[in-house]
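Just so it is clear, the values below take in all heavy atoms, side chains as well, and ignore hydrogens, waters and symmetry mates.
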Amino acid sequence: MTQVKGTAAVAGQEKLAEGVYSMWIDTEPVAAQAKAGQFVSLYSGDGARLLPRPISICETDKEKGRIRLVYRVAGAGTEEFSRYQEGDTVDILGPLGNGFPLEGMAGKKAFLIGGGIGIPPMLQLAKELDCENQAVLGYRDGELFLKEEFESYASVHVATEDGSAGTKGNVIDAIRENGLKADVIFACGPTPMLRAIKAYALERGIPCYLSLEEKMACGIGACLACVCQSKEVDPHSNVHNKRICKDGPVFKAEEVEL
């Protein structure tokens, strides 16, 4: 897969929830290659901010040559992106990382678990998987961004921290409350959530794939700024590390220590 770096045009942007934005970008080379679970790096127009911001791909539209990024404003870089409008341009590098496996899923039941800003990359996965999809989405409150879009591709169950919608608690609470079962698990979200999902999967012997969230610098595996502990020795660094941007962000749960 070839990584493409270039300038792309913003096709449109909207606010989905407090601090959460959805932006479509015209970038045919990236859209043509992108797979569910991959990400892109966006570069700020401010020369003082040299490092790009990694953002997961929420959706791809190969016919129109577009990708959709749904992100949360977390600093100056993403705040800048949130002000972009149709016709503005942005420098982009991608697609980056390894996506979720799609083969051999026919006839199976899958959990697609997303927590917070780990929800967006699960939407493209729901569109691509050939199986019975059960989306379990965890939110802080009742601003259930993307929920309706998931309903076109999966049965949807919601957990909220404040109990304003769905199950009060976390995604594991929602699974238990609704008596859900699955043959395979795909998940993306904050580390405490992924740690709990890994334990849940190991306890029940369910194959599990985790997409790890981490701050990144280069995005291509050169700087070793985004490593996680692994059971195997990484041939690049010769230690028990995996580079999340290059070797991931998707890993088999048993490959990484959380």
Side-chain angles (χ1 to χ4, degrees), residues 3-62 64-97 99 114-125 137 139-141 143-147 149-150 188-190 211-221 223 225-226 244-246 248-249:
Q3 298 166 0
V4 179
K5 184 176 182 181
T7 301
V10 175
Q13 178 152 232
E14 64 177 319
K15 184 177 180 179
L16 301 182
E18 186 60 38
V20 178
Y21 291 81
S22 168
M23 179 165 55
W24 283 95
I25 298 176
D26 287 322
T27 173
E28 191 279 332
V30 176
Q33 300 183 73
K35 298 179 180 178
Q38 290 187 300
F39 67 97
V40 296
S41 285
L42 292 190
Y43 290 80
S44 168
D46 185 342
R49 293 191 282 270
L50 297 178
L51 296 177
R53 272 58 178 174
I55 301 179
S56 298
I57 297 172
C58 175
E59 287 188 86
T60 60
D61 186 334
K62 296 184 186 300
K64 293 183 178 180
R66 294 177 176 177
I67 62 170
R68 184 188 188 190
L69 308 178
V70 173
Y71 61 96
R72 189 187 303 278
V73 172
T78 45
E79 194 279 327
E80 174 192 327
F81 301 151
S82 73
R83 291 185 269 111
Y84 287 178
Q85 299 178 5
E86 182 178 354
D88 288 341
T89 59
V90 60
D91 289 338
I92 185 172
L93 172 66
L96 299 171
I117 211 61
I119 292 171
M122 310 310 291
L123 182 57
Q124 183 64 29
L125 179 62
L137 310 178
Y139 299 89
R140 295 175 179 172
D141 50 38
E143 288 195 298
L144 309 180
F145 59 91
L146 298 178
K147 174 180 177 291
E149 288 162 82
F150 271 94
C188 182
S211 179
L212 274 56
E213 295 181 342
E214 184 57 75
K215 291 182 179 180
M216 299 180 185
C218 72
I220 57 174
C223 69
C226 62
I244 293 175
C245 67
K246 182 72 172 180

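Nearest heavy-atom pair across Gly118 and Met122 is O-CG, 3.5 Å. When all heavy atoms of Gly116 and Phe145 are compared, the pair lying nearest together is O-CZ, 3.5 Å. A pairwise comparison of heavy atoms in Glu80 and Gly45 identifies OE2-N, 2.8 Å as the closest pair. Across all non-hydrogen atoms, the minimal contact from Ser44 to Arg49 is OG-NE, 3.3 Å. Taking both residues in full, the closest heavy atoms of Gln33 and Val4 are given as NE2-CG2, 3.8 Å, listed atom of the first, atom of the second, then distance. Scanning all heavy atoms of the two residues, the minimum distance from Gly97 to Pro249 falls at CA-CD, 3.9 Å.
Within the 4.5 Å cutoff, the side chain of Gln3 has heavy atoms near those of the Leu96 side chain. Looking only at side-chain heavy atoms (C-beta outward), Thr60 and Pro95 stay at 4.5 Å or farther from each other. Within the 4.5 Å cutoff, the side chain of Tyr43 has heavy atoms near those of the Leu93 side chain. The shortest distance between side-chain heavy atoms of Leu69 and Leu42 falls below 4.5 Å.
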Q) Do Leu146 and Cys58 pass the side chain to side chain contact (heavy atoms under 4.5 Å, CB included) test, and can you show the C-alpha distance, the side-chain angles, and the key distance before you say yes or no? A) CA-CA 10 Å; Leu146 298 178; Cys58 175; 4.1 Å; yes
Q) Ile57 and Gln124: side chain to side chain contact (heavy atoms under 4.5 Å, CB included), yes or no, with the steps? A) CA-CA 8 Å; Ile57 297 172; Gln124 183 64 29; 5.6 Å; no
Q. Checking side chain to side chain contact (heavy atoms under 4.5 Å, CB included) for the pair Tyr71/Arg53: CA distance, chi angles, key distance, verdict?
A. CA-CA 10 Å; Tyr71 61 96; Arg53 272 58 178 174; over 6 Å; no
Q: Check the pair Leu123 / Phe150 against side chain to side chain contact (heavy atoms under 4.5 Å, CB included), numbers first and verdict last.
A: CA-CA 6 Å; Leu123 182 57; Phe150 271 94; 3.8 Å; yes
Side chains of residues 15-31: which donor-acceptor partners sit under 3.5 Å, not counting sequence neighbours?
| unit_1 | atom_1 | unit_2 | atom_2 | d |
| --- | --- | --- | --- | --- |
| Ser22 | OG | Arg68 | NE | 2.8 |
| Ser22 | OG | Arg68 | NH2 | 3.3 |
| Asp26 | OD1 | Arg66 | NE | 2.7 |

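With a 6.0 Å radius and a threshold of 12 heavy atoms from other residues, nucleotides or ligands, Lys62 has its NZ atom above the threshold. Counting heavy atoms of neighbouring residues, nucleotides and ligands inside a 6.0 Å radius, atom CD of Glu14 exceeds 12 of them.
Between the OG atom in Ser211 and the CD atom in Gln38 there is a gap of 10.5 Å [rounded to 0.5 Å].
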